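All values reported here derive from a predicted model rather than from experimental measurement. Here is how names work: the chains are called A, B, and so on, in the same order as the sequence lines, proteins then strands, and each is numbered from 1.
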Amino acid sequence: MIESILSLTFLAQVLRMFTPYYLGASAANFSERGGVINIAIEGFMIISAFGYAFFTLTFGNPFLSVFMTLILATAFSFLYALLTIKLKINQIVTGVGFNLLMAGTAKFLMMFVYQSSSNTPAIQPIPGISLLNSIPVIGKAAGDYIIIFAFVLIFLSQFILFRTRFGLRLRSVGENPEAAETLGIKVRLYKLYGVLICGVLSSLGGMWLASNQSSFSDGMIAGRGYIAIAAMIIGKWKPVNIFFACLMFAFFEGLEITLQISGSFLPTQIVQMLPYVITILVLIGFIGKTSPPAADGVPY
Amino acid sequence: MMSRKLKANMLSIALSLLTTIILTSILLLAIGKNPLMVYSMLISEVFGTGYGLGQAIFKATPLIICGCGLALCFQASLFNIGAEGQLNAGAFAMSIAAYTFDDYLGFGVLPFAIICGFIVSALWGLIPAFLKIKRGISEVITTIMMNFIALALVNYFLIDFIAVKSTVRTEKILDSVFIPKLSDFFGSFQGSSANLTFVFAILLAVFLYYMLYKTRFGYEIRAVGLNPTASKYLGIKTNKIIMWSFLLGAGITSLVGINFIFGYKGYYEFGFSNNLGFTSIAVTLLAKNNPIGIIFTAFLFGVLDYGGLAVNTIVPKEIMLVFQALVILSILAIDKIVKIYYLKED
């Protein structure tokens, strides 16, 4: 068993699993840094995974499909912003509604377009980067644009949030909107930016999963949107910490898959629930103090 | 003033249903189906036959029960998103108690199993309540996380120790301890799975309504929900109310097991709940957390659930998932708009 964990294949597996987690967790982070809780990451991933599958099957061009799916996700983001920012409706309840809406729409369209309740026909994946793909094992498994983007995002989001004027303003809106307003910052506009970035990033995570499985299937997101939120909490709303949290969850998922194949002493269900147990332990305060943005979830 | 508020409530419910019907019709038109045909087929299939009506009642029953449990939490402003986990843990325990003791207890196994299920769900619901009181952790995050933990644990114990070989279900209870079907009393429901649990669910809703609106305990729950700080000054023990709301609310969700285990299949099956815990959130919000209202909104969702199957020949039944989600989002939005423009609040 140790050999199967130390192998390059396992490492490649972990890097791949890391991608949707980190995209989802960063998505949640951008939204919450602006003070808007979005528990509909799961739904955004579902609708985007379906969207990518649908657009590639219709147009046959992966890059065009990514573009179209991003437009779709952005449309949903605007709707989410309308309800939570403009109308100031409770963000949790809206998130629950969005999850139901996006999961339901994906199921309905899959049945209507492909007459299947389980999966779409096989699709074209997002192409790999040929230069990277020539590296054995790792490059072949983990060398596509979205994976690379996920890793760049670690530094990019750290930079944007803590080194740019935009990031400073976004954070101030999430910490103390009244103060931000008196400084002349358009609070709701920045909240909207946070929600839109959230939609785009979680959408990329969903698309990547569909691309990686070469189809969209019912239940394929399997709670990853919620794990992403858990990773953000464990990472204490900081991009680099979130990276380590996601890496840990990806390791668990890789382990779960490996254990399923090689048989093990640990039941897979126990491995499955670890991310959630750890999140609660972190919240209790066993692993350092957590401090969400002060005005997180409070409508303004 | 009160009547104006009631009018506003009626107005927003009616408008949101109308909005949902319009949006769904647009979707149906977009995919080239005639919405009028879909709706008329749905209505004639559900209300035109005793079987259809019975199936709608059968689907509404667990929604009423789970909705009542959630209403108790929501009235105290506790966002319990964890019903899915709570009810699965409880129903699983209920079924184990039921098949283990049905030989010895006869019909007495029903109250015994109900109590076992209730306790398990209630204890599971106490964890987020405890974490909220002691550590100030939002119940939203903990209940979401605990959904996954509950499902993983149930799955583990079920698959590794308890399930009947090569299935994902527990042993079946004796035929003699099943709850009578409604068709035993009213022949026209013939063939449908609707059973006496429906009557129990309605009694539960009435009881909860009485408790919430006519007793001191209920008044305290609502006071904490409206304004926890002010409640403290009124001498209400806020923490105690949070504990009890979560304990009873989560406990009640386990009672959905009665409908499935004692009224329908005779066993717990993994995945039986099929997102019931989340759909119930929509049912409860649509009824504005009022238990009597929940009877009607749950029935509406029951009609949609069975109606989806009935119209499946012309449009995929999943259209009803979209319809249900649109109902919840439109009630949220329109409620707010009515508040701003009709009640001039906010």
Okay, A:L274 and chain B: the region with an atom under 4.5 Å from a heavy atom over there is neither
The interface call for B:F79 against chain A, heavy-atom contacts under 4.5 Å, is side chain
In terms of heavy-atom contacts, B:I141 and A:I233 come closest through CG2-CD1, 3.6 Å
For A:I39 and B:I144, the nearest pair of non-hydrogen atoms, with its separation, is CD1-CD1, 4.1 Å
Chain B shares the most heavy-atom pairs under 4.5 Å, among A:M102, A:K107, A:K86, with A:K107
For B:R135 and A:I284, the nearest pair of non-hydrogen atoms, with its separation, is NH1-O, 3.0 Å
Plane angle bin for B:F148 and A:Y276 - parallel if under 30°, tilted between 30 and 60°, otherwise perpendicular
parallel
Heaviest contributor of heavy-atom pairs below 4.5 Å to chain A, chosen from B:I328, B:L332, B:L321, is B:L332
Bottom line for A:T279: the part with an atom under 4.5 Å from chain B's heavy atoms is side chain
The interface call for B:V322 against chain A, heavy-atom contacts under 4.5 Å, is both
Turns out that what part of B:L151 lies under 4.5 Å from chain A's heavy atoms comes down to neither
Bottom line for B:I149: the part with an atom under 4.5 Å from chain A's heavy atoms is both
Cut-off 4.5 Å, heavy atoms of chain B, and the answer for A:V96 is side chain
Bottom line for B:I319: the part with an atom under 4.5 Å from chain A's heavy atoms is both
Closest non-hydrogen atoms of A:Q269 and B:Y156, given as atom of the first, atom of the second and distance, are NE2-CA, 3.4 Å
Turns out that what part of A:N90 lies under 4.5 Å from chain B's heavy atoms comes down to side chain
Honestly, the part of B:V315 sitting under 4.5 Å from a heavy atom of chain A is side chain
Okay, A:I227 and chain B: the region with an atom under 4.5 Å from a heavy atom over there is neither
If one checks every heavy atom of B:I127 against chain A at 4.5 Å, the contacting part turns out to be neither
Okay, B:D160 and chain A: the region with an atom under 4.5 Å from a heavy atom over there is side chain
If one checks every heavy atom of B:I31 against chain A at 4.5 Å, the contacting part turns out to be both
